[in-house]
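Presented below is the structure to which this report refers.
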Amino acid sequence: MLQKLSTIAPKAAWQIPGHPILSIRRLCSLFYFRIKRRLGRDYSFSPPGKSTVPIDIFMPTLEKDAAMLDIALQHARQYILHPITNIYIVAPPSSKKLREIAKKHNCIFVDETSILGFDKEAINYKVNNINRNGWIYKMLINLAADTVCKSRYILILDADTCFIAPQIFLHKDRPLFNLSNEYHQPYFDATKRLLGIRHRLSRSFITHYMLFDAEILKSLRTTIESKWHKPWHQAIIDVIDKTETSGFADYETYGDYYMATAKKRPILNYWSNESLTVDSFDDLEKITKSLRRSFRSISLHNYRASFIKKPPSDV
């Protein structure tokens, strides 16, 4: 039975060693989401059509992701079925390369230090001599995206992630939230300490992109400050378990807060992202074509030097 089951549903998609009840919940959710997809009810995977709801796109990034950002922007304009009001590239002010990419794609370049009023060096988050300041700084910036963007709905998109098929992020005024295979307890513990909200799902909101509602973001920050009587970003920094290299997640905290407080329930689907390592743009194009039947986005968290050195001729 287990052998047969692992063929239908790979263990990595549902099993968490040492947590049998949670694993059973994840297995049940996997079957539910797959049936939903086959019935055409997964609107993240099979959009019913174009949306009239405008969105902004918000992309914090660094120069190391410049090559992928170039492609991600092209694919965002090609495949997102919402009117895109503005795309904001958020980066260190000294980055000439990222400014050029923003100009090339008609995006707005935003100095990252202008959003929170301080730079990443003001954060003291180091674990075993590993500096995690930049990692948490990006998440804090995401949670302040509405202070920069003009649209109510803001797609936070990781710069190393691109869409490979048509996408919408709202259906009948309800956000589409995808759920991934990841499950990292310290993220949920941080949200519980921060807000008193438990993570009640068997899966994760971390799929490398997420639609934020500006009204929910404002409410989230206000709630944090009311509870802790200090600036919201300082409260987040203070609740992180500094013994964990990954002790907080913006997507998890926003998702759990939305689930606990929003009047309109989100539509939950199984994620459709694949993480890749590639050597060249030719490889990326070939792989992308082969993945479209099963996935809707790809992320290049690791790519080799040849990929970075050879920019696309025209994207």
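All figures in this text were calculated on a predicted structure; none of them were measured in a lab. Side chains included, hydrogens not; waters and symmetry mates left out as well; all remaining heavy atoms used.
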**Message:** When you group the ILVMFWY residues by side-chain heavy-atom contacts below 4.5 Å and let the links chain together, are Leu81 and Ile164 in the same group?
**Reply:** no

- Is the side chain of Tyr125 donor-acceptor paired with the backbone N or O of Gly247 at a distance under 3.5 Å, no angle test? yes

Just by distance, with hydrogens left out, do Ser23 and Gln15 show a side-chain donor and acceptor under 3.5 Å apart?
-> no

Those residues at least two apart in sequence (or on a different chain) that pass side-chain hydrogen bond (donor to acceptor under 3.5 Å, both in side chains) with His75 are none

From the list Trp228, Tyr257, Trp232, side chain to side chain donor-acceptor pair (under 3.5 Å) with Thr223 holds only for Tyr257

**Message:** With a 3.5 Å distance limit and no angle check, can you tell me whether Arg99 reaches the backbone of Pro93 through a side-chain donor-acceptor pair?
**Reply:** yes

query = According to a 4.5 Å side-chain heavy-atom criterion applied to Ile, Leu, Val, Met, Phe, Trp and Tyr, with indirect links allowed, do Met139 and Ile197 form part of one hydrophobic cluster?
reply = yes

In short, Ile141 meets Val90 closest at the heavy-atom pair CG2-CG1, 4.0 Å

Residue pairs passing the salt bridge (charged side-chain N to carboxylate O under 4.0 Å, His left out) test with at least one member in residues 249-277, sequence neighbours excluded, are Asp173-Lys264

Does a donor on one side chain and an acceptor on the other come within less than 3.5 Å for Thr253 and Thr191? yes

Inset, instruction - Taking Ser290 for its side chain and Ile287 for its backbone only, find out whether a donor-acceptor pair lies under 3.5 Å. - result: yes

Checklist line | Any donor-acceptor N or O pair under 3.5 Å, side chains Ser299, Asn273 | finding: yes

side-chain hydrogen bond (donor to acceptor under 3.5 Å, both in side chains) filter on Asp189, not counting sequence neighbours, yields Gln185

Residues 113-142 vs salt bridge (charged side-chain N to carboxylate O under 4.0 Å, His left out), sequence neighbours excluded, gives Lys138-Asp158

Are there more than 12 heavy atoms of other residues, nucleotides or ligands under 6.0 Å from atom CZ of Arg198? no

Open item on the list: I'd like to know if the side chain of Gln167 and the backbone of Ser44 have a donor-acceptor N/O pair within less than 3.5 Å.
Closed with: yes

Sorted by chain and number, sequence neighbours left out, side-chain hydrogen bond (donor to acceptor under 3.5 Å, both in side chains) with Thr288 holds for none

- prompt: Would you call the rings of Tyr258 and Tyr254 parallel, tilted or perpendicular, where under 30° means parallel and over 60° means perpendicular?
  reply: tilted

Check the angle between the aromatic planes of His199 and Phe205 and answer parallel, tilted or perpendicular using the 30° and 60° thresholds. perpendicular

Rounded to the nearest 0.5 angstrom, the SG-CE distance for Cys162 and Met68 is 3.5 Å

Is it true that, when you exclude Lys242 itself, more than 12 heavy atoms of the residues, nucleotides or ligands shown sit nearer than 6.0 Å to its NZ?
yes

*If we only count heavy atoms from C-beta on, is the Ser94 to Pro92 side-chain gap below 4.5 Å?*
yes

Arg203 and Arg26 have their tightest heavy-atom pair at NH2-O, 2.9 Å

Grouping ILVMFWY residues whenever side-chain heavy atoms fall under 4.5 Å, the cluster of Ile21 otherwise contains none

Residue pairs passing the salt bridge (charged side-chain N to carboxylate O under 4.0 Å, His left out) test with at least one member in residues 38-54, sequence neighbours excluded, are Arg37-Asp42

task: State whether a side-chain donor-acceptor pair under 3.5 Å links Asn178 with Thr207.
output: no

Applied to residues 44-63, the ring-ring contact (aromatic ring centres under 6.0 Å, His included) test, sequence neighbours excluded, yields none

Residue pairs passing the salt bridge (charged side-chain N to carboxylate O under 4.0 Å, His left out) test with at least one member in residues 214-240, sequence neighbours excluded, are Asp146-Arg221, Arg152-Glu215, Lys230-Asp238

Under a side-chain separation threshold of 4.5 Å, the hydrophobic residues clustered together with Tyr153 are Val53, Ile55, Ile57, Met59, Leu69, Leu73, Tyr79, Ile80, Ile84, Ile87, Ile89, Leu98, Ile101, Phe109, Leu155, Leu157, Phe163, Phe169, Leu170, Tyr209, Leu211

Do Tyr43 and Phe177 share a hydrophobic cluster (ILVMFWY, side-chain heavy atoms under 4.5 Å, transitive)? no

Has Tyr32 got more than 12 heavy atoms of other residues, nucleotides or ligands less than 6.0 Å from its OH? no

May I ask you to check whether Lys36 and Asn269 show a side-chain donor-acceptor distance below 3.5 Å? yes

Between Ser151 and Ala214 the two heavy atoms that sit nearest each other are O-CB, 4.3 Å

Excluding Ile24, membership of its hydrophobic cluster (Ile, Leu, Val, Met, Phe, Trp, Tyr; side-chain heavy atoms within less than 4.5 Å) reads none

If we only count heavy atoms from C-beta on, is the Ile156 to Tyr251 side-chain gap below 4.5 Å? yes

**Asked** Backbone N or O of Cys149 within a donor-acceptor pair of the Asp56 side chain at under 3.5 Å?
**Response** no

Members sharing Ile35's hydrophobic cluster, built from side-chain contacts under 4.5 Å between Ile, Leu, Val, Met, Phe, Trp and Tyr, are Leu39

request  = Would you check if the side chain of Asn133 reaches a backbone N or O of Ile123 as a donor-acceptor pair within less than 3.5 Å?
outcome  = yes

